[in-house]
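Predicted model, so just to flag it, every value in this text is computed and none were measured. Letters A, B, ... mirror the listed sequences (proteins, then strands); counts begin at 1.
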2 protein chains.
Amino acid sequence: MEKRKLSNCGHTHTCNHTVGSHKSCISLVPIFNHLEVEQMDEIMKTVQAASFKKGEIIYQAEDPSDSLYIVNQGKIRIYRLSDSGKEQLVRILNPGDFTGEHALFSESMHESYAEAMVDTSVCVIRRLDLQDFLLKYPSISLKILEEFASRLKQSEKQTAQFATEKVETRIALFLAECYDQEKSSTGTFILPMSKKDLASYLGTTPETISRKLADLEEQGYIKRKTNKRIEVLNLDGLLLI
Amino acid sequence: MEKRKLSNCGHTHTCNHTVGSHKSCISLVPIFNHLEVEQMDEIMKTVQAASFKKGEIIYQAEDPSDSLYIVNQGKIRIYRLSDSGKEQLVRILNPGDFTGEHALFSESMHESYAEAMVDTSVCVIRRLDLQDFLLKYPSISLKILEEFASRLKQSEKQTAQFATEKVETRIALFLAECYDQEKSSTGTFILPMSKKDLASYLGTTPETISRKLADLEEQGYIKRKTNKRIEVLNLDGLLLI
DNA sequence: TGAAAATCTTGATGAAGGTCAATTATTTAA
DNA sequence: TTAAATAATTGACCTTCATCAAGATTTTCA
């Protein structure tokens, strides 16, 4: 059987720096960092800094803020609400990632989202300012378009995975992806979120995650070193589960 | 309990006309129809017509075409391939919808897609032409961005549904959505695809679709009139399943 | 640090739905 | 229009995984 391609493990883009001042929001993130220095300066003037404590919620469906948020430090967890109100973790934003589709679109896009913070500092660009820039510098739109296309691809891939693979396979693919992204020399990687969150992300329960990891260990694919750190013993095997 | 909001039933946008000439591809579709007449004329010059017979495949992962396709007549079914190669129906394009992300982006977006035709005529804009227009007329990018944002929202919603709702609920929500979109005076609607396709779209099997429809009928929520036509007897009930 | 809270693990059980197989209905194309 | 192909239905069975519960471990923060 052919070796599988890997799916995404919840990282939206790799950006390991810890952003210093709120200005670096602009100069370091992909959607702006291709601009000329003067153009970035112009945008920086409109940027405001903000920070959130753990557990705070930036916005929810009923309470739409209309700004674009760029993560400076910390993480933002983005949940989507299903029709019956159950929530699924769809993405975790790391420094350099952005959110706030409300700022980008007019219509009825303002629903079914919730976002939770983990001691985060962000840069904020208000809707009106952003709209100006989009028209003035078309290349920003193209960058955002690229980002959206990438997210869309990722989301559809995940949907297809939900539709066609069983939980065990989804977990195995997730582990392989995480391992692939960390490329630690020790042959190990760290789970990027709690098993509770992971269960939400993969559409299963913490109990099942526990059990499947135990199974995978028993079958010799992985070895659990600590709670969060996992050693991969047989990557190819993982990808064929 | 609160009445649920509806999810999408596979239509990307409502566009009932049957497009006549290939020129109307430009003047009728949302991503172009806001332009000035001269601008549309300019784009029309670069448009080529093409048609496909049932079962043909426009492109696949390994064989990326690099054009933007706008559906003129017929339908295009878009499948996504999971990591293990199983495919899921993710979207059905109707006249006015477009596809061909390859034309829009540079990098490694060219994978895991397949598209199948049903006697379709399409308009084709080549990548290089399109790139010119995007830079020349920024508003096209904004329109495409809006379309992508909408698809992304839809896709994430569907992912959340897969992650949190059981098959029975997904089917019920799908029926309610279809009914909502058709608004037939008879209280009925027509399933927009075969049950085989529907099973693929909803991540289940044709057998389960059959059984669940029978259940829903027995419980008095719906009545199957013919193979494809379904009468809705209790919409609110459907939404609470 | 140490107590409280949160998370994780493991077991027992049951429900939901997938698979296989046989039959019936519908669609396609000659 | 009819034969062949495809799709849909129904039944029997069985796998997967969610749920509930109880205990162990890790994390938090006073």
TODO: To the nearest Å, give me how far apart NZ (A:Lys196) and C1' (D:dT27) are.
DONE: 13 Å
TODO: Look at B:Arg170 together with B:Glu165 and state whether they make a salt bridge at an N to O cut-off of under 4.0 Å.
DONE: no
Open item on the list: Test of understanding: with side chain to side chain donor-acceptor pair (under 3.5 Å), list the residues that count as partners of B:Lys212, not counting sequence neighbours.
Closed with: none
TODO: Kindly give the heavy-atom pair with the smallest separation between A:Phe148 and B:Leu152, and that separation in Å.
DONE: CD2-CD2, 4.1 Å
Open item on the list: Any heavy-atom pair between the side chains of B:Phe189 and B:Leu175 that's under 4.5 Å?
Closed with: yes
Task: Protein-nucleotide distance (A:Lys228, atom NZ; D:dT26, atom P), rounded to Å - done: 12 Å
- [ ] Give the C-alpha distance, both sets of side-chain angles, the deciding distance and a yes or no for side-chain contact (heavy atoms from CB on, under 4.5 Å) between A:Ile230 and A:Lys225.
- [x] CA-CA 5 Å; A:Ile230 293 179; A:Lys225 312 297 278 186; over 6 Å; no
Task: A:Arg151 charged N/C atom sitting above A:Phe98 aromatic ring, 6.0 Å / 45° - done: yes
Open item on the list: Could you tell me how far apart B:Asp215 (CG) and C:dA16 (C1') are, to the nearest whole angstrom?
Closed with: 11 Å
Task: Axis bend over the full length of the helix from C:dT9-D:dA22 to C:dA30-D:dT1, computed from five pairs that close each end, to 10 degrees - done: 50°
TODO: Respond yes when some side-chain nitrogen or oxygen of B:Arg224 is under 4.0 Å from OP1 or OP2 of D:dT9, and no when none is.
DONE: yes
Task: Whole-Å C1' distance, D:dG23 and C:dG14 - done: 23 Å
- [ ] Would you kindly give the CD1-to-P distance between A:Ile171 and C:dC8, to the nearest whole Å?
- [x] 13 Å
- [ ] Give a yes/no on whether any side-chain N or O of A:Lys195 is located under 4.0 angstrom from OP1 or OP2 of C:dT9.
- [x] yes
TODO: Round to a whole Å and report the spacing from CG of B:Leu202 to C1' of C:dG18.
DONE: 15 Å
TODO: List the protein contact pattern of nucleotides 12-25 of chain D with one symbol per nucleotide (5' to 3'): B for base contact, S for sugar-phosphate-only contact, - for none; contact means a heavy-atom distance under 4.0 Å.
DONE: B---SSSBB-----
Open item on the list: Without decimals, in angstroms, what is the distance between A:Leu213 CG and C:dC8 P?
Closed with: 11 Å
- [ ] Decide yes or no on side-chain hydrogen bond (donor to acceptor under 3.5 Å, both in side chains) for A:Gln154 and A:Gln158, but give the supporting numbers first.
- [x] CA-CA 6 Å; A:Gln154 164 59 19; A:Gln158 197 180 10; 4.6 Å; no
TODO: Could you tell me the separation between the CZ atom of B:Arg229 and the P atom of C:dT26, rounded to a whole number of Å?
DONE: 15 Å
Open item on the list: Can you tell me how far apart CG (A:Leu198) and CZ (A:Phe174) are? Round to the nearest 0.5 Å.
Closed with: 5.0 Å
Task: Carboxylate-amine/guanidinium contact B:Glu87 B:Arg80, below 4.0 Å - done: no
- [ ] Round to the nearest Å and state the distance from A:Ile209 atom CD1 to C:dT9 atom P.
- [x] 10 Å
